Structure formats: structure tokens, C-alpha cells
Q: 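Can you read through this structure? Questions will come right after.
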Amino acid sequence: MKNLTKILLSVCIILISLILIMISASLFEFLPIDWSIMLVVLGSITFVIALIVAILLDYSAGNYECKKCGKRFKPTLGAYVWGAHTLTTRYLKCPHCKEKSFCKRRLSEK
């Protein structure tokens, strides 16, 4: 349950920051240009920070199970961020068998 909460929190952070960017962009024509640029820049900075926090929360939730050998492992942050992925799998190299495959995410600690 703790890991699922982290995933939901990361999604909420991203959505809130995107909403802030949309609101600031919609005010673009009603405010002076300096204020409009400042709002868009601050919204973009907020989005980048929110994205980093969401990635770290999502990374800390659960482990991955190798499709080849069945062992669970925690990938490096770089492999996690840059690995091709779907909602429940990520293309990673298993540290046990050294094979690359789409590893399934497991939220339980077992």
C-alpha cells in the first residue's frame, strides 16, 4: 500500500504542475508581457521540479522482476529513467543473469 501511495502521489504532482502551466499560459494575453513571461518560466521550473520529485517517488516504489531468471532487483536510477517502459514493465539489464528484458514491476517487498 505504501508503494501505491508513492505512485499516486507522483501522478498528482505532475498533474498539478501541468495545470499551473496551463493557467499561466491562459493568462498570457491579459497580463503585461513581463508578467506573462515570468509566469511561464516559473510554471516550467515548477514542472521540472515536480517531474524530478515524481521520478524519485516512482523509483522508490517497488522492485523489478527479471523475465529471464525471475529474480527481483532494484535498477540504478539512470537505468530506471532512461529505460524504455510501459505502465508495468521497463526494459532493464538484470544484475543477476546480465540479460536485458522487459522486467515486470513488483510493488510488494517479498
Side-chain angles (χ1 to χ4, degrees):
M1 192 64 159
K2 180 180 169 186
N3 290 328
L4 185 60
T5 304
K6 288 181 182 179
I7 293 171
L8 291 175
L9 183 61
S10 66
V11 170
C12 289
I13 288 171
I14 293 292
L15 289 177
I16 289 169
S17 64
L18 283 173
I19 290 169
L20 288 175
I21 290 174
M22 288 189 300
I23 290 171
S24 63
S26 69
L27 295 173
F28 197 77
E29 68 180 65
F30 300 112
L31 296 173
I33 192 74
D34 297 340
W35 282 90
S36 298
I37 291 171
M38 184 181 70
L39 278 176
V40 171
V41 168
L42 286 175
S44 299
I45 291 170
T46 303
F47 176 73
V48 169
I49 291 170
L51 185 63
I52 291 168
V53 169
I55 287 171
L56 292 174
L57 280 171
D58 195 50
Y59 173 72
S60 68
N63 296 315
Y64 285 86
E65 185 177 303
C66 178
K67 195 176 197 177
K68 308 280 184 180
C69 67
K71 294 196 177 180
R72 291 188 182 191
F73 64 96
K74 184 77 148 180
T76 63
L77 185 59
Y80 173 81
V81 170
W82 298 111
H85 60 279
T86 65
L87 289 175
T88 59
T89 63
R90 193 170 291 269
Y91 193 70
L92 300 167
K93 183 177 181 180
C94 176
H96 304 288
C97 67
K98 309 293 188 224
E99 295 287 326
K100 285 189 172 185
S101 65
F102 274 97
C103 302
K104 186 136 179 103
R105 173 184 247 168
R106 300 294 181 195
L107 295 178
S108 65
E109 299 294 329
K110 296 177 188 177

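Remember, predicted model here, so these are calculated numbers, not experimental data. Values below: all heavy atoms of this structure, side chains included; hydrogens, waters and symmetry mates excluded.
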Q: What salt bridge (charged side-chain N to carboxylate O under 4.0 Å, His left out) pairs are there with at least one residue in residues 7-23, not counting sequence neighbours?
A: none
Q: Out of curiosity, Lys98 NZ to Cys69 SG, how far, rounded to the nearest 0.5 Å?
A: 10.0 Å
Q: How many angstroms lie between SG in Cys103 and NZ in Lys68, if you round to the nearest 0.5 Å?
A: 9.5 Å
Q: Quick one: list whatever passes salt bridge (Lys or Arg N to Asp or Glu O under 4.0 Å) with Glu99, sequence neighbours left out.
A: none
Q: Given a cutoff of under 4.5 Å between side-chain heavy atoms of I, L, V, M, F, W and Y, with clusters grown through shared members, what are the other residues clustered with Leu87?
A: none
Q: Salt bridge (charged side-chain N to carboxylate O under 4.0 Å, His left out): which pairs involve residues 42-66, sequence neighbours left out?
A: Asp58-Arg105, Glu65-Arg72, Glu65-Arg106
Q: Could you pull out all residues at least two apart from Val48 that satisfy side-chain contact (heavy atoms from CB on, under 4.5 Å)?
A: Ile52
Q: With Thr88, which residues qualify under side-chain contact (heavy atoms from CB on, under 4.5 Å), at least two apart?
A: Thr86, Lys104
Q: When rounded to the nearest 0.5 angstrom, what is the spacing between NZ in Lys71 and CG in Asn63?
A: 14.0 Å
Q: For Ser101, which residues count as a side chain to side chain donor-acceptor pair (under 3.5 Å) partner, sequence neighbours excluded?
A: none
Q: On a heavy-atom basis, which atom in Pro75 and which in Tyr64 lie closest, and how many Å separate them?
A: CD-CD1, 3.8 Å
Q: Quick test of your reading: applying ring-ring contact (aromatic ring centres under 6.0 Å, His included), list the pairs with at least one residue in residues 76-97, sequence neighbours left out, ordered by first then second residue.
A: Tyr59-Tyr80, Tyr91-Phe102
Q: When rounded to the nearest 0.5 angstrom, what distance separates OG in Ser60 from NZ in Lys74?
A: 6.0 Å
